[in-house]
Amino acid sequence: MTINYQYKNVQSPTKITMTDEQSAGHADHWRILTDDMSHDVPEWLQKMIEKAAMPKGLNSNVSAQDSCLLLSENQPCHINQVLAMKNGKPECFINAYPCVDSPYGLNCKIERIIANDNSHDAVLRLRTADGSIIYAFDQLYTTNRHLYQRDTSYFVNFSAWAHEIKLSEQNEVIMVEDQEAIRYHRAFNDIVAANDGKIPDDLQEQIKEWKPETKAQMAPVEINLGHMCAYLFGDTLGQEDEAWCQGQVLGKQETTFNDKSIMLFDEVILREQDADSFVIRIGALNTPETAFIKVHDYVQANVWLQAAIYKENQQSAAQRSKAS
C-alpha cells in the first residue's frame, strides 16, 4: 500500500492521501438504513435535491463557482451529497453519505487527515484538550478541506450511525480484593461525598490520611464492567471511524429519515476525572430492540463515528469559554 504524505503549508495538519482502492466507500453505511440500496439510495438522492441546502462549515461564503459543491439538508438525519461543478453548474455526481446532526462536541486539535480527494472522504484524527484521541469521518470535508489549521483548537460536533446497539452485558463483573486498591476506592468515594461531589485540591493527601472506620469498608469491591464508559477506534488505516463504544444513555428521541423511523440516543462514552465528557448522538433504526432501550441504560454499540466543524459553533465555544 502506498501512502503519500502531503504538507500544503506549515500550518496545515498532516495529510495522508488514500486511493479509491484503499478506501472503503459507503455501502456498509447505507445498509444501516436499507436492505435495497439499488432502489432506495438513488431515490433518496433525487428527492434531497429538491430541498437541499449548502452547509457553510468554517467558510462564511459558499459559492456555486467552486470546483465541488456540498449539498445537505436541514434535518436531524440527512444526506450529504458532493457534486463536481463546471462554470457554476453541476457536472457530475461524486459521492453521498448519510449523516446525523448532533449538539454535542469537544474542543479538539486536528492532528491528521486521512483523505481520498477523489471521493471527498476524510477521517480526522483529533486530540482533545485532555489528550484523548478520537477518529471521526468528516461530514464537511468538501467545504472545510482547505481551511483546517495545525495546532488550532476547534469545537467539533460528534454523531454516529449504529451498525448495532444493544444493552451492555450486565453479568461482566470483576471482584477487587487487593487491600490498597480497596482502601483507595473507599477513600476516594468518602472524600468526594464529603465535599458535595467535588474533588478537593488536596485529594491525594486526604487519601493518604484516610483510615477505615469499619471492617465493611475494607470488604472486596465489585465492579460491573457493563457500567463503564469506553471508546475504541478502528485499527485499519482510513477506517478508524468504525468504532466500538459503551456508555450510558442520557437522552432518547424519535425522528425520521426518508420516512424511516429513527431512534436518536445521546450517549456518554468517555467520562474521566478532570475532563469534559465525550457525548455523541447515535442514530439507529427504530426496531423493537432499540425502542426497548431506556434513558439511564448502559449500552454498547458498533458505530460509524462522524464529526462536523462549523464556524458558528466556534464562536459559541469561545463565548462559553469566557463565561466559565
Side-chain angles (χ1 to χ4, degrees), residues 104-109 111 125-136 156 158 160 162 164-235 240-252 265-282 292-303 305 324:
Y104 305 106
L106 293 170
N107 288 304
C108 304
K109 291 183 179 180
E111 288 197 331
R125 175 185 164 99
L126 303 157
R127 182 180 292 273
T128 66
D130 67 296
S132 297
I133 299 298
I134 301 169
Y135 284 90
V156 185
F158 290 103
E164 180 185 29
I165 184 168
K166 61 182 181 180
L167 294 175
S168 61
E169 298 293 337
Q170 298 300 302
N171 59 353
E172 294 183 1
V173 175
I174 61 173
M175 191 70 70
V176 178
E177 298 182 345
D178 179 79
Q179 288 293 290
E180 186 55 33
I182 293 171
R183 200 190 77 82
Y184 188 96
H185 174 79
R186 304 291 190 195
F188 178 89
N189 287 343
D190 277 1
I191 293 165
V192 172
N195 283 271
D196 298 322
K198 297 179 180 178
I199 298 174
D201 293 336
D202 61 342
L203 174 65
Q204 296 305 321
E205 288 75 11
Q206 289 194 44
I207 288 177
K208 289 179 181 178
E209 296 175 1
W210 183 90
K211 293 182 174 62
E213 296 178 356
T214 66
K215 289 184 178 180
Q217 288 179 303
M218 293 304 292
V221 176
E222 185 177 277
I223 298 177
N224 190 330
L225 297 181
H227 285 178
M228 294 178 65
C229 295
Y231 157 69
L232 299 173
F233 51 77
D235 56 6
E240 295 94 339
D241 50 340
E242 300 291 344
W244 179 90
C245 63
Q246 178 175 284
Q248 188 176 29
V249 176
L250 305 179
K252 174 184 176 182
F265 298 100
D266 300 335
E267 180 184 346
V268 54
I269 61 175
L270 284 180
R271 189 159 44 189
E272 301 292 341
Q273 180 181 327
D274 298 329
D276 292 333
S277 297
F278 183 18
V279 181
I280 62 176
R281 175 160 287 176
I282 302 176
F292 181 75
I293 297 171
K294 301 182 294 295
V295 174
H296 303 311
D297 281 345
Y298 278 81
V299 297
Q300 56 189 40
N302 294 314
V303 300
L305 190 60
S324 61

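- To the nearest 0.5 Å, atoms CD1 (I280) and CD1 (I134) are separated by 9.5 Å.
- Proximity of a side-chain donor or acceptor of Q246 to a complementary backbone N or O of L225 within less than 3.5 Å is detected.
- Taking CD from E177 and CE from M218, the interatomic distance works out to 12.0 Å, rounded to the nearest 0.5 Å.
- Contact check for Y231 versus L305: side-chain heavy atoms found under the 4.5 Å cut-off.
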Step by step, would you call F278 with T128 a side-chain contact (heavy atoms from CB on, under 4.5 Å)? CA-CA 10 Å; F278 183 18; T128 66; over 6 Å; no
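- Going from atom CG of D130 over to atom CG of L106 covers 8.0 Å, rounded to the nearest 0.5 Å.
- What you find for F265 and V249 is that their closest heavy atoms are CD2-CG1, 4.2 Å.
- For the pair V268 and Y104, the minimum side-chain heavy-atom distance is 4.5 Å or more.
- Note that the CD atom of E111 and the CZ atom of R125 stand 5.0 Å from one another [nearest 0.5 Å].
- D276 CG: 12 or fewer foreign heavy atoms inside a 6.0 Å radius.
- Minimum interatomic distance between E240 and F233 (heavy atoms only, all atoms of both residues): O-CB, 3.4 Å.
- Although no hydrogens or angles enter the test, the distance criterion places a donor-acceptor pair under 3.5 Å between the side chain of Q248 and the main chain of H296.
- Closest of all the heavy-atom pairs between R271 and C229 is NH2-SG, 3.8 Å.
- With hydrogens and angles disregarded, a donor-acceptor distance shorter than 3.5 Å links the side chain of E267 to the backbone of G247.
- Annotation for N195 and P200: closest pair ND2-CG, 4.0 Å, computed over non-hydrogen atoms.
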List the steps, then state whether side-chain contact (heavy atoms from CB on, under 4.5 Å) holds for L126 with F158. CA-CA 11 Å; L126 303 157; F158 290 103; 3.7 Å; yes
Walk me through whether I199 and V192 qualify under side-chain contact (heavy atoms from CB on, under 4.5 Å). CA-CA 6 Å; I199 298 174; V192 172; 4.2 Å; yes
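- W210 and R186 make their closest contact through CH2-CB, 3.7 Å (heavy atoms, listed as atom of the first residue, atom of the second, distance).
- To the nearest 0.5 angstrom, L270 atom CG is 5.5 Å from S132 atom OG.
- Nearest heavy atoms, P220 versus I182: CA-CD1, 3.7 Å.
- Judged by distance alone, with hydrogens and angles left aside, the side-chain atoms of E209 form no donor-acceptor pair with the main-chain N or O of Q206 at under 3.5 Å.
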Tell me, with the steps shown, if I207 and R183 meet side-chain contact (heavy atoms from CB on, under 4.5 Å). CA-CA 9 Å; I207 288 177; R183 200 190 77 82; 4.0 Å; yes
Give the C-alpha distance, both sets of side-chain angles, the deciding distance and a yes or no for salt bridge (Lys or Arg N to Asp or Glu O under 4.0 Å) between E205 and K208. CA-CA 5 Å; E205 288 75 11; K208 289 179 181 178; 5.9 Å; no
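- The structure places CD of E242 at 9.0 Å from CG of N302, a figure rounded to the nearest 0.5 Å.
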